[in-house]
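All heavy atoms count here, side chains included; hydrogens, waters and symmetry mates do not. First the proteins, then the strands, lettered A, B, ... as listed; each starts at 1.
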Amino acid sequence: MAEVIVVTSGKGGVGKTTTTANIGTGLAKLGKKVIMIDTDTGLRNLDVVLGLENRIVYNLIDVVEGKCRLNQAMINDKREENLYLLPTAQTRDKSAISTDQMLQVIEDIKNDEKAFDYIILDCPAGIEQGFHDAIIGADRALVVTTPEVSAIRDADRIIGLLDANGLKDHEDLIVNRIRPEMVEKGDMMSLDDVNDILQLHIIGAVPDDENIVVATNRGTPLVGDESLAGQAYLNICKRITGEEVPFLDLTAKKGFFGKLKKALSKK
Amino acid sequence: MSKSVIIKGNNFGVNVIISPDLDFAEVRSQLRERFKASAKFFGKADMVVNFSGVKLDDDQIQVLTEIITDVSDINIVCVINSDDEDISNDMIREAYSKKRMEQAEEAGVAEREQAFAENMNSMGVMEAAYALMQQSSNSFEVSEDSVTSAAKIYHGTLRSGQVLEEPSSVVIIGDVNPGAKVIAGGCVIVLGSLLGNIQVGSGVNMENAFVLALEMNPMQIQIGDLIATSESSNPLAALRRRRANTVSPEIAHLKDGEVYIEDLSLKVINELKFN
């Protein structure tokens, strides 16, 4: 039976959608059958990040309103044949779907003949209706945060709400956009600091990597490529499947110019 | 009194204080909110639920009880509407035994005897519970000995947006994160970092109320009617202090009409007068 994972954060702009896209793609690369559901009705982005925007004909809301069959709304990824996207409507808002309807859709997907291993929900920012729709059917949650006080505060609030909604001890933390050089200087929270405040198991740490911006604009998630962020995302996917993978040393690789700069600064 | 539903825990159950000018639909939604918020705190405890403030009919009590069991894991052993004049100690005891009997019935004959034995053991507790409830439901004020009465213990981290409200004193084994709030009739001891909001001593003994924390860095402390706000601090600096192990326990209390925060020492404890 498919495991339902919600990717959430509270705060907007910390990388929920990018994380969803990379984890979905990564799990598919590991041979799992995956469907990603965009629950950010009215402000959908997941299709763009995956480069599937032009293929959307039907969406989640059409399914709920009986305008199409579930299968018609599922879009097969252009690179990974194990990967599907169920987009949401851009012309509607969060009130277009209820928690009961969302549960029904998840139930239908679980019983789909494609036999998915993972159902990954991209949660909207905020703690309103959209948040509740996204978490209602989840078996576990990935809380995305950045090492900034505002994002940490919101993550804390979200963890409290997840606890209260039956996901206690089924939550993991992803710390996104770490800048190791700032951490070293003491200008940014370290993983230990984040752990200290939130006291939640950290399942992955992703460096701030400009390759992500490039990949997002191009519509091809970078998970699994040689970039540090790509490796970090693939490691998270492996940990989700239960594999034990050591954490990357984010300070190790700085590329040729980084090494050059370091060498020069020593003189 | 403001239009609201307030829940106050005590050692034997929970007191639900309903403002009389509230319509029933509002009571239902507020009750759901309150119990949802504290479901984790109550856990799976056996509890006596006392509705006070308004007189409810049987159907209403049924609806409210269902809400409580719906949103929390509380096992309601007995429901009382303390504004019902006819209620007596005997009636509660009877209701409680009956409930136990029913449970035994469901569990099967073999376990009935055991349930009876439990019932006998709980008898003393029930009497105490009723006495306590009468005391607190007659006046909605926090009881006079709120500072020294038995404290509640809360395990775990209070996160942003969560509120812990107790008429007694509270010991928190865990952190109170920024944005979380603790409201206690008595004192609060935080065996962890206090970074959120805290309000103590709403009872009459406010000059004795104190807040003690292993790391004292709250957003605001209110003791009685006095509110003290912290200088906005650099969270990174606070984390560095924690890393460097330079954090020491501190105590906040009232002194000459001001909120004082100082290092915890025997001297300070001795200065605070307890009865």
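B/Gln62 CD to B/Leu64 CG: the interatomic distance, rounded to the nearest 0.5 Å, is 10.0 Å.
A salt bridge does not link A/Asp209 to A/Arg177: none of the charged nitrogens lies less than 4.0 Å from a carboxylate oxygen.
For the side-chain contact (heavy atoms from CB on, under 4.5 Å) with A/Leu86, the qualifying choice from A/Asp38, A/Ile109, A/Ile119 is A/Ile109, the only one to do so. Considering A/Asp133, A/Thr39, A/Asp40 in turn, A/Asp40 is the only one that fulfils the side chain to side chain donor-acceptor pair (under 3.5 Å) rule with A/Lys94.
Partners of A/Asp187 by side-chain hydrogen bond (donor to acceptor under 3.5 Å, both in side chains), not counting sequence neighbours: none found. Every residue two or more places apart in sequence or in another chain that forms a salt bridge (Lys or Arg N to Asp or Glu O under 4.0 Å) with A/Asp193 is listed here: B/Arg243.
Enclosure of atom CD in B/Glu33 is not indicated, since only 12 or fewer non-hydrogen atoms of other residues, nucleotides or ligands lie within 6.0 angstrom. Within a 6.0 Å sphere centred on NZ of A/Lys110, other residues, nucleotides and ligands contribute more than 12 heavy atoms.
Residues B/Ser168 and B/Lys152 bring no donor and acceptor atom of their side chains to less than 3.5 Å of each other.
For a heavy-atom cut-off of 4.5 Å, chain B lies close to A/Asp196, A/Ile197, A/Leu198, A/Gln199 in residues 195-207 of chain A. Among the residues in residues 138-152 of chain A, those with a non-hydrogen atom closer than 4.5 angstrom to a non-hydrogen atom of chain B are A/Val149.
When all heavy atoms of A/Gly126 and A/Phe131 are compared, the pair lying nearest together is O-CB, 3.5 Å.
In terms of heavy-atom pairs under 4.5 Å with chain A, the best-connected choice from B/Gln162, B/Arg242, B/Lys36 is B/Arg242. Comparing B/Gly161, B/Gly179, B/Ser193 by how many heavy-atom pairs each has under 4.5 Å with chain A, the most go to B/Gly161.
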